[in-house]
Amino acid sequence: MGVVAVRQWVAAVVLLIAGRPKLRSFTAAQWRPVLALAVVFATMNLTLYTAIDRIGLGLAVTLEFLGPLTVALASSRRRIDLACALAAAAAVVVLARPRPSTDYLGIGLALVAAVCWGSYILLNRTVGERLPGLQGSAAAAAVSGLLYLPVGAAALWLHQPTAGALLCALAAGVLSSAVPFLADLLALRRVPARFFGIFMSVNPVFAALIGMFVLGQHLATASWLAVAVIVTTNAVAVGTAASHSREKTAR
């Protein structure tokens, strides 16, 4: 909880500086998606971090990745996307297959994070339509940071961190919020969105490898195959959607 709170606070500071939202000029129609985005942002990070603590980095990030994959597939009526959805569903069953040691709460939290990530994408689209620049995202990050003030302060008070631990928490806030956010912005200005989506599909693989080599969290062979299936379905869905879109434009 304390690490998530610090991450939210760092994200709020960085985005407020970058976006400089004019909060007093926001209308009710603009505030509604901003507040929803703030709640989703806060819930997504808390559930993901808790899931990582319970089921490991690779499995948690892979399950969370189902959120954007579902958003990408939901609006399509193509047969190949239906096949991708079925393959991803089968891979989830393999990942979450019941065993005596299965942590169902951890899996459930990762799936909640997936729902939040999908909602985050849809809400960001709405916020972007109603507010210029980064104002909406900055305002949502600020509200999310405020939500974590009481619980974050309590967590840090009850479990007072050492200077080293606090520096690690601040580094997590910078490396998992500020740097990726700015990198995404710079990448999206130079790389087509369809390629960006394909690049994002390697996240579960990186998470599983980092979990294995850095944290000593090993996945079973069947779980590795399931991760590969989910990554492949995303790449196929995004890549074929881009080709289909170009064909329609050419016609």
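These figures come from a predicted structure and were not determined experimentally.
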What verdict does the side-chain contact (heavy atoms from CB on, under 4.5 Å) test give for D53 and Y49, after you've listed the backbone C-alpha separation in whole Å, the side-chain angles of each residue and the deciding distance to 0.1 Å? CA-CA 6 Å; D53 189 47; Y49 271 58; over 6 Å; no
Verify side-chain contact (heavy atoms from CB on, under 4.5 Å) between V94 and L225, making sure each step is shown before the conclusion. CA-CA 9 Å; V94 172; L225 291 174; over 6 Å; no
Might you work through the side-chain contact (heavy atoms from CB on, under 4.5 Å) test for S119 and V115, ending with a clear yes or no? CA-CA 6 Å; S119 302; V115 173; 4.2 Å; yes
Worked verdict on L35 versus V39 for side-chain contact (heavy atoms from CB on, under 4.5 Å): CA-CA 6 Å; L35 294 176; V39 172; 5.8 Å; no
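Residue L219 comes nearest to A208 through the heavy atom pair CD1-CB, 3.9 Å, listed as atom of the first residue, atom of the second, then distance. Shortest non-hydrogen contact noted between A141 and L15 is CB-CD1, 3.4 Å. Smallest separation of non-hydrogen atoms from A51 and G106: CB-O, 3.6 Å. The heavy-atom pair separating V40 from L123 by the smallest distance is CG2-CD1, 3.8 Å. Of all the heavy atoms in G211 and L57, the pair that sits closest is N-CD2, 3.9 Å. Q135 and G19 get closest at one heavy-atom pair: CG-O, 3.9 Å.
Taking CD1 from I55 and CG from L63, the interatomic distance works out to 5.5 Å, rounded to the nearest 0.5 Å. The distance from atom OG of S144 to atom CE of M44, rounded to the nearest 0.5 Å, is 9.0 Å. Rounded to the nearest 0.5 Å, atoms CH2 (W9) and CG (L149) are 6.0 Å apart. Between the CH2 atom of W31 and the CG atom of L23 there is a distance of 4.5 Å, given to the nearest 0.5 Å. One finds the CG atom of N45 at 7.5 Å from the OG atom of S176 (value rounded to the nearest 0.5 Å). Residue T47 holds its OG1 atom at 6.5 Å from CG of L109, rounded to the nearest 0.5 Å.
Remark: side-chain polar atoms of E64 are not paired, donor with acceptor, to backbone N or O of A110 under 3.5 angstrom. Judged by distance alone, the side chain of Q8 and the main-chain N or O of A5 form no donor-acceptor pair under 3.5 Å. Side-chain atoms of T50 come within 3.5 Å of backbone N or O of L46 as a donor-acceptor pair.
Note on W224 and I107: same hydrophobic cluster, where clusters join Ile, Leu, Val, Met, Phe, Trp and Tyr whose side-chain heavy atoms are under 4.5 Å apart, directly or indirectly. Both V151 and L170 are part of a single hydrophobic cluster, where members link through side-chain heavy atoms under 4.5 Å apart. Cluster membership check: W157 does not share its hydrophobic cluster with V3, using side-chain heavy-atom separations under 4.5 Å among Ile, Leu, Val, Met, Phe, Trp and Tyr. Linking ILVMFWY residues whenever their side-chain heavy atoms come closer than 4.5 Å, directly or via other members, leaves V10 and L166 in distinct clusters. Follow the hydrophobic side-chain contacts under 4.5 Å out from V143 and you reach V127 in the same cluster.
No more than 12 heavy-atom neighbours from other residues, nucleotides or ligands sit within 6.0 angstrom of CE on M1.
Within the 4.5 Å cutoff, side-chain heavy atoms of L16 are placed close to those of P21. Using a 4.5 Å heavy-atom threshold, the side chains of F41 and C116 count as separate.
Using modelled atom types, one finds no donor on one side chain facing an acceptor on the other under 3.5 Å when comparing R7 with Y148.
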